[in-house]
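Take a look at the structure set out below.
Please read all numbers here as calculations on a predicted model, not as lab measurements.
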Amino acid sequence: MAFIDTSNKSGDSKFQSGNPFYTTLLTLVAALGGLLFGYDTAVVNGAEKALVGFYIGDIDNNKFVSNIINVISQYRITLVAVLLIVAVIICGQIFKLLGRQKGMITNIIILALTIGWGYFFLKKPLPVDITSIKDTAAAVKGFVIASALIGCVIGGALAGFISKSFGRKNGLVIAAVAFFVSAVGAWRPEAFNFFGTLDVYSFVIYRIIGGIGVGIASMISPMYIAEIAPAKIRGKLVSFNQFAIIFGMLVIYFVNYFIAKQGNEEWLTTEGWRWMFFSGAIPATIFLILLFFVPETPRYLALQGKDEKALKVLQKIAGHENAPDILSEIKATVHEANAPWLSYGFGIIFIGILLSVFQQFVGINVVLYYAGNIFRNMGSSTDFSLLQTIIVGVVNLLFTVIAILTVDKFGRKPLMIIGSVGMAVSMVALGLAFYFNQVGLVALFFMLLYTAAFAMSWGPVCWVLLAEIFPNNIRGALSIAVAAQWIANWVVSLTFPMLNDNAWLTEKFNHGFAYWIYGVMSILSAIFIWKFVPETKGKTLEEMEGLWTKK
């Protein structure tokens, strides 16, 4: 079902040249997947302190919940199980990449190392002294806060299969359902605990379900937009998905702030955080309903041999005159629907993976997930730290708009390199501000500068590149890049509390060490873009196949 019926306007010159309004509406609906992506991942920013206080305790003051040893014990088991799942996902991607014969030895090594590590990790005695309990509790905190990212890894790995087997539209429907289930389950994890675990790990499971939705949407939303957008404005429309992600983050920052204002610290710790998570059920429901009114993409329809349906969609997007030629061009590049992922060499896979990894290793989700924690380290109260987080969200949104307006004018590479340099300077300076205990306006300035540099470059433009560089007949390979992105995201989010709250590192570097690591990664990301990534500005998805064929 479509939003607009233009079938009776074949003589209209506007219709002959396509319907930009219709294309924009499709983009807006698909971008709701991006909005939920941002909403679901950033909700923990406001809930982090209360959530940790409710399930773990006050780590800074060594005051833990009465069952902290049981929490730590189940954390170990859950972490090993999660790492095994991630290892299996990586093995599956390696099979797709290298084939059964070449991938077998690599996969055996990966699984053997994971199982061996898990065995010795579980055999370690539980902590008994307060310092060990504190360090382990910080690791549990990182695991609980970053739990959605485990689902993102799973969803990202499955997204290629889902988009190919069920379609781009149905993939987004699955994501919307996952968002809704997660919002309700995380709201009352003890009431919906069907898993035989402590309630904190029931919460973790529902966050993983939401993460699966995020992982699916992170690949399929920009894919859907890229496949319905004309080449000359594709960068702008795909960038709108990143705008929606940032807008979703900004919305939940406001929601978290106003929920926090409804009661005191005690209420926030027992009840307030629950409503922060439940609020996600509202946009998830809207997204699910709207998806029943959009068509499948013409490229997927052509892959399925449904040329007549593909032509009808193209007529609305590109006009009656252009639609047949575009369909012929699409069909010429989808004749090998099951082409091996290495059909164009390892270079394209390598670039896709490193684009994803660098987008996370520059440390953006430390700012997005732990901004409240960082501002509290600067001495801010809970309410004021949430207000400062809103400022970060506004800057993020404004500079994302700048990227959307300039990505098709200046190109992808210049924006990415400029952003990397800006992030490197900001992170090194932020680390120095913490190291020298100058954590007032100076630290806030460099955090905002870092956010602006990321938002005008690696935030939206990385997704544009990922949506563009893979030729039609290996677009499923995008899933390995998305899975790599979520693994990198999880690693950064899991390790930041360990680096930031570690007693020895805090004593030596006063919370500054982690930021210097992210600064170095920003420098490496600039070199990578400069040396290895091709410019895709103005090229059709079909022309991208020719680019890799020449290489």
Side-chain angles (χ1 to χ4, degrees), residues 55-56 59 64-65 67-98 100-158 193-209 211-212 215 357 360 480 483-484 486-499 501-505:
Y55 284 124
I56 300 173
I59 297 175
F64 305 104
V65 293
N67 66 337
I68 185 63
I69 299 301
N70 288 336
V71 170
I72 291 173
S73 178
Q74 283 202 12
Y75 153 74
R76 290 182 168 190
I77 297 170
T78 309
L79 179 61
V80 170
V82 163
L83 288 177
L84 280 172
I85 292 171
V86 173
V88 169
I89 289 171
I90 293 172
C91 290
Q93 301 294 330
I94 289 173
F95 267 130
K96 293 178 182 178
L97 187 62
L98 301 179
R100 184 182 298 270
Q101 187 174 357
K102 293 181 180 179
M104 182 66 72
I105 296 176
T106 304
N107 288 343
I108 290 173
I109 293 172
I110 291 172
L111 290 175
L113 289 174
T114 305
I115 293 170
W117 175 87
Y119 174 78
F120 287 108
F121 182 69
L122 292 175
K123 292 288 286 185
K124 285 175 59 178
L126 291 169
V128 291
D129 62 280
I130 194 66
T131 302
S132 298
I133 290 174
K134 180 175 181 177
D135 287 343
T136 308
V140 176
K141 169 186 172 180
F143 180 71
V144 173
I145 297 302
S147 54
L149 300 175
I150 302 161
C152 295
V153 174
I154 299 169
L158 293 175
N193 187 352
F194 309 116
F195 315 109
T197 65
L198 293 174
D199 290 341
V200 62
Y201 297 110
S202 173
F203 170 85
V204 165
I205 290 170
Y206 283 110
R207 291 294 292 150
I208 289 173
I209 292 172
I212 291 173
V357 169
Q360 302 307 315
I480 195 171
W486 290 117
I487 292 172
N489 190 334
W490 182 54
V491 169
V492 171
S493 302
L494 184 70
T495 56
F496 176 71
M498 301 179 195
L499 296 171
D501 298 332
N502 180 272
W504 186 84
L505 288 175

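Remark: Tyr75 engages Phe143 in a ring pair (Phe, Tyr, Trp, His ring centres under 6.0 Å) (not counting sequence neighbours). Residues satisfying the side chain to side chain contact (heavy atoms under 4.5 Å, CB included) test with Val200, not counting sequence neighbours, are Tyr55, Val144, Leu198. The side chain to side chain contact (heavy atoms under 4.5 Å, CB included) check on Ala87 picks up Ile110, Leu111, Thr114, with sequence neighbours excluded. Applying the side chain to side chain contact (heavy atoms under 4.5 Å, CB included) rule to Ser202 yields the partners Pro189, Asn193, Phe195, Thr197, Tyr206; only residues at least two apart in sequence or on another chain are considered. Annotation: side chain to side chain contact (heavy atoms under 4.5 Å, CB included) contacts of Leu158 (sequence neighbours excluded): Ile154, Ile162.
For the pair Ile487/Ile89, no side-chain contact is recorded, criterion being any heavy-atom separation below 4.5 Å from C-beta on. Using a 4.5 Å heavy-atom threshold, the side chains of Trp486 and Ile150 count as separate. Contact of the Ile94 side chain with the Cys91 side chain is not registered, since no non-hydrogen atoms from C-beta on lie closer than 4.5 Å. When side chains are defined from C-beta on, Ile68 counts as touching Val65, because their heavy atoms get closer than 4.5 Å.
Counting only distance, with no hydrogens or angles, the side chain of Ser493 and the backbone of Trp490 share no donor-acceptor pair below 3.5 Å.
Distance OG1/Thr136 to CE/Met498: 9.5 Å, rounded to 0.5 Å. Between atom CG of residue Leu79 and atom CG of residue Leu84 there is a gap of 9.5 Å, rounded to the nearest 0.5 Å. A distance of 10.5 Å separates CG of Asn67 from CD1 of Ile56, quoted to the nearest 0.5 Å. Rounded to the nearest 0.5 angstrom, Leu83 CG and Thr78 OG1 are separated by 11.0 Å. Here CG of Leu494 is found 11.5 Å from CD1 of Ile145. Values are rounded to the nearest 0.5 Å.
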Determine all donor-acceptor pairs shorter than 3.5 Å in which one atom belongs to a side chain in residues 115-131; sequence neighbours excluded.
residue : atom : partner : partner atom : Å
Asp129  : OD1  : Ser132  : OG           : 2.8
Asp129  : OD2  : Thr131  : N            : 3.3
Asp129  : OD2  : Ser132  : N            : 3.0
Asp129  : OD2  : Ser132  : OG           : 3.1

